[in-house]
Amino acid sequence: MSNDFNVNSDGYYGEFGGAYIPEILYANVENLKNEYLKILESLDFQAEYHALLRDYVGRPSPLYYAGRLSEKYGCRIYLKREDLNHTGAHKINNTIGQILLAQRMGKTRIIAETGAGQHGVATATVCALMNMECIVYMGKTDVARQLLNVRKMEMLGARVVPVTSGNMTLKDATNEAIRDWCCNPANTHYIIGSTVGPHPYPDMVARLQSVISKEIKWQIKEKEGRDYPDFLVACVGGGSNAAGTVYEYLNDMRVKIVLAEAGGKGVDSGESAATIQLGTVGIIHGARTLLMQTPDGQITEPYSISAGLDYPGIGPMHANLARTGRSEVIAINDDEAMAAAFELTRTEGIIPALESAHALGIFPRKNFNPDEVIVVCLSGRGDKDMETYVNYKL
Ligand SMILES: *Cc1c(COP(=O)(O)O)cnc(C)c1O
């Protein structure tokens with residue numbers, strides 16, 4: 001078994017990944033594959049990307065020692081504060097990078113899919129900033145439960161298209177975005193919001209999010225005197241905040257990786273989005289990965305209280321990390337995530353996004369030693385979830 005958990009030159013992480021796409025998109029994806037590394041590594045891209053991350057997004061995001069939470073769980077817990085980014089989550093690290101890439105590739109029209117609306121807002125934001133046309137596909141169910149984000153996207157000048165197929169959530173929005181891209185391959189760049197889709201998207205998004213672990217490295221050195229934690233913890237929907245959190249430590253075996261996927265009402269309840277535990281190998285949205293499907297290959301509708309984790313697939317990097325044992329994956333149910341959200345709010349005065357609350361939900365499940373250092377990616381803030389929090393009976 002390979003000890004390198006990064007993508008290989010064919011776009012695979014172990015047996016997962018690749019680019020399974022309709023013929024009409026072949027030229028686009030091939031072009032992207034040939035250009036992305038050149039562009040991302042160019043000096044002018046790097047200069048503009050990092051200037052915007054600093055002055056527009058507000059990076060570096062703080063690494064905060066959560067004293068009261070640490071005391072409660074008997075270990076040293078740090079929160080990587082992606083919730084403090086402009087637009088309220090880690091998503092903007094990726095959209096800033098991809099809009100700069102789209103400009104350099106001569107594209108004039110941007111499309112995106114969104115679940116919780118955070119990626120849609122982050123995309124609409126950079127399109128306003130760069131004066132580009134923006135169309136966001138969003139499941140009708142999500143439009144209803146994340147209305148504030150819909151209003152933000154519209155105010156930013158984006159057109160939000162409600163999608164009524166399937167159970168009208170993220171998977172269905174992604175299908176529609178791919179359909180649009182097939183009709184408009186020449187002028188349109190598709191900004192995928194997570195480490196999913198055909199190669200090179202998972203690797204490109206992971207690289208753009210890797211700023212998270214690059215910062216953790218020097219920040220933890222300042223605080224703990226060593227440049228690595230014992231554990232990294234993140235939630236996984238498609239896997240982008242988790243990929244960014246672990247990127248610099250992928251091949252550093254001193255660092256253990258613990259990921260929280262959405263258990264929904266319970267892994268065996270039939271209402272779950274615990275893709276890594278319930279999934280089998282198949283192809284979804286252009287990648288070979290683990291996905292929730294029936295024995296004859298129909299995709300199973302996922303369920304989670306959290307719109308951002310409500311996806312039947314998982315990025316190929318994470319399928320490989322889980323299947324090789326590099327990561328430990330725990331399914332956190334709706335009620336556990338809710339309890340963790342209220343706990344963080346009452347102990348630290350930070351209202352987390354429901355997705356991030358799944359990552360915090362691992363603490364009652366695991367035992368840590370007093371001297372162990374745990375960094376949790378707090379992927380987003382809870383503003384968008386206030387309705388759900390208010391209406392929830394603990
Ligand atoms: C979108 C989102 C997620 C899930 O997406 P990943 O690609 O798995 O990171 C997690 N947290 C927040 C706050 C989000 O907006």
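Counting starts at 1 for both ligands and their atoms, in listed order.
- In terms of polar-atom proximity, Gly237 is counted as a contact of ligand 1, with an N or O under 3.5 Å from an N or O of the ligand.
- The shortest N or O to N or O distance between Leu309 and ligand 1 is not below 3.5 Å.
- With no hydrogens or angles considered, a side-chain donor-acceptor pair links Tyr311 and His285 at under 3.5 Å.
- Put simply, part of Lys91 is less than 4.0 Å from ligand 1, judged by heavy atoms.
- Ionic pairing of Glu15 and Arg288 is present here: one or more N-O contacts between side-chain nitrogen and carboxylate oxygen are shorter than 4.0 angstrom.
- Shown in contact with Gln118 at under 4.0 Å from a heavy atom are these atoms of ligand 1, numbered in order with element: 15 (O).
- Here Ala353 has side-chain heavy atoms under 4.0 Å from ligand 1, and that is the only part of it that gets that close.
- Counting only heavy atoms of the protein, atom 4 (C) of ligand 1 lies nearest to Gly308 O, 3.5 Å.
- A salt bridge does not link Lys91 with Glu82: every distance from a Lys NZ or Arg NE/NH1/NH2 to an Asp or Glu carboxylate oxygen is 4.0 Å or more.
- Judged by the shortest distance from any of its heavy atoms, Ala116 lies outside the 4.0 Å radius around the atoms of ligand 1.
- Tyr201 and Trp181 have perpendicular rings, their planes meeting at more than 60° on a 0 to 90° scale where under 30° would count as parallel.
- Ile212 contributes atom CD1, which lies 13.0 Å from atom OH of Tyr247 (distance to the nearest 0.5 angstrom).
- On a distance-only criterion, Lys384 and ligand 1 share no N/O pair closer than 3.5 Å.
- Residue contact check: Gly380 has heavy atoms under 4.0 Å from atoms 13 (C) of ligand 1.
- Across Phe45 and Leu100, no two heavy atoms sit closer than the pair CE1-CB, 3.6 Å.
- From the protein, the heavy atom lying nearest to atom 10 (C) of ligand 1 is Glu355 CB, 3.4 Å.
- Residue, atom and distance of the protein heavy atom nearest to atom 12 (C) of ligand 1 are Ser379 OG, 3.4 Å.
- Close to ligand 1: His90, with a non-hydrogen atom less than 4.0 angstrom away.
- A cation-pi contact links Lys217 to Tyr249, judged by a cut-off of 6.0 Å to the six-membered ring centre and 45° from its axis.
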> So Tyr78 and Glu224, side-chain hydrogen bond (donor to acceptor under 3.5 Å, both in side chains) or not? Walk me through it.
Replying inline: CA-CA 11 Å; Tyr78 288 88; Glu224 292 284 339; 2.6 Å; yes
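- Between Arg81 and Ile350 there is a side-chain heavy-atom pair separated by less than 4.5 Å.
- For the pair Lys171 and Glu301, the salt-bridge criterion is met [side-chain N within less than 4.0 Å of a carboxylate O].
- Proximity of Val236 to ligand 1, defined as any heavy-atom pair under 4.0 Å, is confined to the backbone N, CA, C and O atoms.
- For ligand 1, the atoms closer than 4.0 angstrom to any heavy atom of Cys235 are 10 (C).
- The shortest N or O to N or O distance between Ser240 and ligand 1 is below 3.5 Å.
- Geometrically, ligand 1 and Gly239 share a nitrogen or oxygen pair separated by less than 3.5 Å.
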